Peer 1: 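Encoded as structure tokens, here's the structure I'll be asking about.
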Amino acid sequence: YPIYIEQWDLTYTQTMLVFGTYPIVVGTMLLFGNFATRLVTRHQLISLGLSASVFGVFLFAIGDSLIWLLIGRISMGIGVGLSAGYSAAELIELVTDKQRAGTIAITAQSVGFSASFIVGGAFVEFSTQPTYYPFIFLFFILLAVLASYIFSARTSSQEHEAHSDTHQPNISRPLFGILTLAVTTAYAHGVIYTALGAAIAKQLLASPNNLLNGLVLGFFAFSIGAGA
């Protein structure tokens, strides 16, 4: 928050409007997302969610006004609300051991949280444009995840049709890996903005080093996943 307030001459109310919109949209998508499965497939919803995340991050990278940030944040909320929930569900279905699948999903989420804090803190500490480079970095990661998921989902579907007469579980290792990455990146880009505006961390740790703040917050996020 302080970075945008200082560089863009925004008020706290304006920044809270932008960043507070995100959890509202995510919650709405998680609440009403099940109705969408009656119209489109889960693969299509995950692809749509990742695409919305890519678009939202792109708007944050090129945006120069409050309205750009607001639209971008709404897109990110739609993206995470779709891709995180459905990719986790898809991940669990691909593994016969449901307990192991749940562990993998939680681990992916905690890794995404931790990575976002650490990477975000590093960008704020060492980057000359902390409101630009983190989103460019994340844009290319999400774009690669989206392309990989579409390709893997298509390959898995073809393999399933080829072996439709057998009773073996339809587990595609590439798709399994991409789904794990989708869950990870969904939570990573959902939290990276907390690391970018780590004013609370500075106050609690009394440290001017943003990377140190990110490491501490990242360890906290990882410990939550480990405990779960």
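Below, all heavy atoms of this structure are taken into account, side chains as well, without hydrogens, waters or symmetry copies. What you are looking at is a predicted structure, and each value in this text was computed from that prediction instead of being measured.
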Peer 1: Determine whether S51 and L146 make a side-chain contact, defined as any pair of heavy atoms from C-beta on separated by less than 4.5 Å.
Peer 2: yes

Peer 1: Taking atom CG of L48 and atom OG1 of T41, what is their separation to the nearest 0.5 Å?
Peer 2: 10.5 Å

Peer 1: Mind checking what makes side chain to side chain contact (heavy atoms under 4.5 Å, CB included) contact with I24, not counting sequence neighbours?
Peer 2: T28

Peer 1: Measure the spacing between CZ of F58 and CG of L143 and express it to the nearest 0.5 Å.
Peer 2: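 These two atoms lie 10.5 Å from each other.
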
Peer 1: From M29 CE over to I78 CD1, what is the distance, rounded to the nearest 0.5 angstrom?
Peer 2: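 M29 CE to I78 CD1: 6.0 Å, rounded to 0.5 Å.
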
Peer 1: Looking only at heavy atoms, which two atoms of I136 and A61 are closest? And how far apart?
Peer 2: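 Scanning both residues completely, I find the closest heavy atoms to be CD1-CB, 3.7 Å.
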
Peer 1: Would you compute the distance between atom CD1 of I46 and atom OH of Y149 and round it to the nearest 0.5 angstrom?
Peer 2: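 Between I46 CD1 and Y149 OH, I get 3.5 Å after rounding to 0.5 Å.
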
Peer 1: Is there a side-chain contact between I62 and F135 in this structure, where contact means two heavy atoms from C-beta onward sitting under 4.5 Å apart?
Peer 2: no

Peer 1: In Å, rounded to the nearest 0.5 Å, how long is the span from CZ of F139 to CZ of F55?
Peer 2: 10.5 Å

Peer 1: Taking all heavy atoms of G72 and all of F60, pick out the closest pair and write down the distance.
Peer 2: C-CE1, 4.0 Å

Peer 1: Looking at every heavy atom in both L70 and L17, which two are closest together, and how far apart are they?
Peer 2: CD1-O, 4.1 Å

Peer 1: What are the two closest heavy atoms between S75 and G56, and how far apart are they?
Peer 2: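 Residues S75 and G56, closest heavy atoms: CB-CA, 3.7 Å.
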
Peer 1: If you apply the rule side-chain contact (heavy atoms from CB on, under 4.5 Å), what do you find for I71 with I67, and how did you get there?
Peer 2: CA-CA 6 Å; I71 297 174; I67 188 64; 4.1 Å; yes

Peer 1: Kindly indicate whether the side chain of Q14, heavy atoms from C-beta on, has any atom under 4.5 Å from the side chain of W8.
Peer 2: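 No - every pair of side-chain heavy atoms lies 4.5 Å or more apart.
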
Peer 1: Rounded to the nearest 0.5 Å, how far apart are CE of M76 and CG of L69?
Peer 2: 8.5 Å

Peer 1: Please check if the number of heavy atoms outside D64 that lie under 6.0 Å from its CG is greater than 12.
Peer 2: yes

Peer 1: Nearest heavy-atom pair of Q129 and P134: which atoms, and what distance?
Peer 2: O-CD, 3.8 Å

Peer 1: State, yes or no, whether a side-chain contact exists between V80 and Y22 at a heavy-atom distance under 4.5 Å.
Peer 2: yes

Peer 1: Which atoms form the tightest heavy-atom contact between I150 and S47, and what is the distance?
Peer 2: CG1-OG, 3.9 Å

